[in-house]
Each structure stands twice: as structure tokens, then as C-alpha cells.
Amino acid sequence: MQIALTQAQKAFSKGEVPIGAVIVNNGKIISKAYNKRERTQNALNHAEVIAINKACRRMKSWRLDDCIMYVTLQPCVMCAGAILNARIPKVIIGTRSDRTNEIDVYQNNNLNHKTEIEFLDDPNCSEILKKFFAEKR
């Protein structure tokens with residue numbers, strides 16, 4: 001999670017919402033990313049989606065079924081869909097989101113893949129977000 005938090009700090013320094021993601025395969029980091037929506041003016045450039053794109057290229061497969069994602073903030077519904085589509089079996093989340101906490105697509109019986117979720121409730125992950133938004137307002 002510390003590497004994902006470092007990615008979030010990079011986003012913070014660039015004026016992006018400070019969210020970082022890391023994907024690990026067999027104990028090795030295969031991708032890491034941070035939000036780039038503002039810089040690229042592209043709504044899809046969330047840390048999780050960028051990390052998934054990089055991991056798919058590295059693995060030469062859209063299936064990341066032997067990987068674990070670490071992300072500093074609970075993913076939005078778009079990112080949760082990308083995680084499910086990539087078949088990532090486990091996501092470790094640094095802090096919960098007030099906005100997506102009630103939406104659980106990861107264990108939805110109507111979908112053909114499920115993802116295990118683990119919350120760390122890491123105060124460092126929530127503090128960087130609080131600091132970012134306090135400075136923006």
C-alpha cells in the first residue's frame with residue numbers, strides 16, 4: 001500500500017485527486033499509476049484504469065486473474081467494473097469512500113466474476129485526500 005500511497009502523492013503534487021494504484025503478480029509489481037484526469041482531460045484516466053491498462057500490456061493479456069490490486073481509495077463504479085472485467089481476484093483498499101461505500105458490484109450474483117475486497121482503513125490514505133480537498137476549497 002505504501003507504493004500506492006507514493007503514487008497518490010505524485011497525483012497530489014500535480015493537482016490531481018490523490019489516488020494511487022498498484023498491481024502485483026506473484027509478489028512483483030507489474031504496474032503502478034495515479035490519477036491523470038486533469039492533465040489529460042480524459043474522464044477515464046483514473047489510477048485503477050491506468051494501472052489495469054499497464055498490467056494488461058505487461059502480461060500480454062486482458063485477464064489479470066493472478067494479480068492483486070492495491071488502491072488508496074475505494075474504487076468508483078467505473079473502476080470497479082474495470083477490475084471485474086480484468087478478472088482481478090482481490091483488491092486491497094486503503095480507505096473507504098463515502099460515495100461508493102454502499103455500492104457493491106464485486107459480489108453481485110448477476111455478474112460472472114467476483115472480486116474479494118479487503119479494507120485497510122489506513123489513516124495515511126484518508127489524510128492525503130482530506131488535505132487535498134481542504135486546499136481546493
Side-chain angles (χ1 to χ4, degrees):
M1 186 57 69
Q2 185 57 46
I3 296 168
L5 190 54
T6 299
Q7 291 295 301
Q9 290 164 340
K10 287 182 183 181
F12 185 100
S13 72
K14 295 174 187 294
E16 298 280 354
V17 175
I19 299 170
V22 174
I23 298 178
V24 175
N25 177 260
N26 295 322
K28 293 176 73 174
I29 294 172
I30 60 169
S31 73
K32 52 189 177 180
Y34 56 88
N35 275 4
K36 294 183 179 176
R37 286 189 313 170
E38 296 300 327
R39 186 180 68 134
T40 63
Q41 292 299 296
N42 185 326
L44 302 178
N45 280 338
H46 289 206
E48 301 93 327
V49 172
I50 296 168
I52 289 169
N53 279 327
K54 288 179 178 180
C56 288
R57 283 195 304 269
R58 176 103 185 251
M59 301 297 288
K60 296 180 173 62
S61 175
W62 64 269
R63 292 178 185 267
L64 302 176
D65 49 11
D66 291 328
C67 297
I68 297 173
M69 177 182 278
Y70 294 81
V71 63
T72 56
L73 178 66
Q74 185 176 1
C76 70
V77 175
M78 175 186 74
C79 292
I83 289 164
L84 288 166
N85 194 45
R87 306 298 194 260
I88 297 173
K90 184 172 184 175
V91 177
I92 300 172
I93 300 169
T95 193
R96 298 169 194 267
S97 169
D98 294 337
R99 294 183 176 181
T100 58
N101 207 25
E102 299 301 318
I103 303 168
D104 183 12
V105 298
Y106 300 106
Q107 296 298 316
N108 188 314
N109 289 328
N110 295 315
L111 302 174
N112 63 352
H113 180 71
K114 291 182 175 34
T115 295
E116 179 187 348
I117 299 299
E118 180 181 334
F119 288 100
L120 298 180
D121 296 321
D122 183 333
N124 295 314
C125 293
S126 58
E127 284 305 314
I128 192 171
L129 288 158
K130 289 176 188 173
K131 182 179 178 188
F132 178 81
F133 287 111
E135 288 181 13
K136 288 290 181 188
R137 294 179 182 133

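As the structure is a prediction and not an experimental result, all values here were calculated from the model.
- Using a distance-only test at 3.5 Å, with no hydrogens or angles considered, a donor-acceptor pair links the side chain of N35 to the main chain of A47.
- To the nearest 0.5 Å, the span separating CZ on R37 from CD1 on I50 amounts to 10.5 Å.
- Listed by first then second residue, pairs satisfying ring-ring contact (aromatic ring centres under 6.0 Å, His included) with a partner in residues 55-81 number zero, not counting sequence neighbours.
- Contact detail for P89 and C67: the closest heavy-atom pair is CD-O, 3.0 Å.
- Both I117 and I19 are members of a single hydrophobic cluster when ILVMFWY side chains are connected at heavy-atom separations under 4.5 Å.
- No donor-acceptor pair under 3.5 Å is formed between the side chain of T72 and the backbone N or O of C125.
- Under a hydrophobic-cluster definition in which Ile, Leu, Val, Met, Phe, Trp and Tyr are linked whenever side-chain heavy atoms come within less than 4.5 Å, directly or via other members, V22 and I93 are assigned to different clusters.
- A donor-acceptor pair under 3.5 Å is formed between the side chain of E16 and the backbone N or O of E38.
- The distance from the CG atom of L64 to the OG atom of S31 is 8.0 Å, given to the nearest 0.5 Å.
- Annotation for K14: atom NZ does not count as buried by contact number, only 12 or fewer foreign heavy atoms lying within 6.0 Å.
- Atom CD of Q9 and atom CD1 of I128 lie 5.0 Å apart (nearest 0.5 Å).
- Around atom CD1 of I3, no more than 12 heavy atoms belonging to other residues, nucleotides or ligands sit under 6.0 Å away.
- Under the 4.5 Å side-chain heavy-atom criterion for ILVMFWY residues, a single connected hydrophobic cluster contains both F119 and L73.
- V24 and V71 are assigned to two separate hydrophobic clusters, defined by single-linkage of ILVMFWY side chains at heavy-atom distances under 4.5 Å.
- Minimum heavy-atom separation, P18 to A11: CA-CB, 3.9 Å.
- A donor-acceptor distance shorter than 3.5 angstrom exists from the side chain of R87 to the backbone of N85, with no hydrogens or angles considered.
- Looking only at distances, a side-chain donor or acceptor of Q74 sits under 3.5 Å from a matching main-chain atom of S97.
- Residues A51 and A33 share a closest heavy-atom pair of N-CB, 3.6 Å.
- The minimum heavy-atom distance between R96 and D121, with the atom names listed, is NE-OD1, 3.1 Å.
- Rounded to the nearest 0.5 angstrom, I83 CD1 and I23 CD1 are separated by 8.0 Å.
- A cation-pi arrangement, defined by a distance under 6.0 Å to the six-membered ring centre and an angle within 45 degrees of its axis, is absent between K32 and Y34.
- Two different hydrophobic clusters hold V17 and M1 under the rule that ILVMFWY side chains link at heavy-atom gaps under 4.5 Å.
- Residues that satisfy the side chain to side chain donor-acceptor pair (under 3.5 Å) test with E118, not counting sequence neighbours, are K90.
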Dump the intermediate steps for side chain to side chain contact (heavy atoms under 4.5 Å, CB included) on V49 and N45, then the final yes or no. CA-CA 6 Å; V49 172; N45 280 338; 5.7 Å; no

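- Taking CD1 from I68 and CG from N26, the interatomic distance works out to 9.5 Å, rounded to the nearest 0.5 Å.
- Listed by first then second residue, pairs satisfying ring-ring contact (aromatic ring centres under 6.0 Å, His included) with a partner in residues 1-23 read F12-F132, not counting sequence neighbours.
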Would T95 and E127 count as a side chain to side chain contact (heavy atoms under 4.5 Å, CB included) if you check the C-alpha gap in whole Å, the side-chain angles of each, and the deciding distance to 0.1 Å? CA-CA 10 Å; T95 193; E127 284 305 314; over 6 Å; no

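- Distance check, rounded to the nearest 0.5 Å: CE of M69 to SG of C79 gives 7.5 Å.
- Side-chain N or O atoms of T115 include one that pairs as donor or acceptor with a backbone N or O of I88 at under 3.5 Å.
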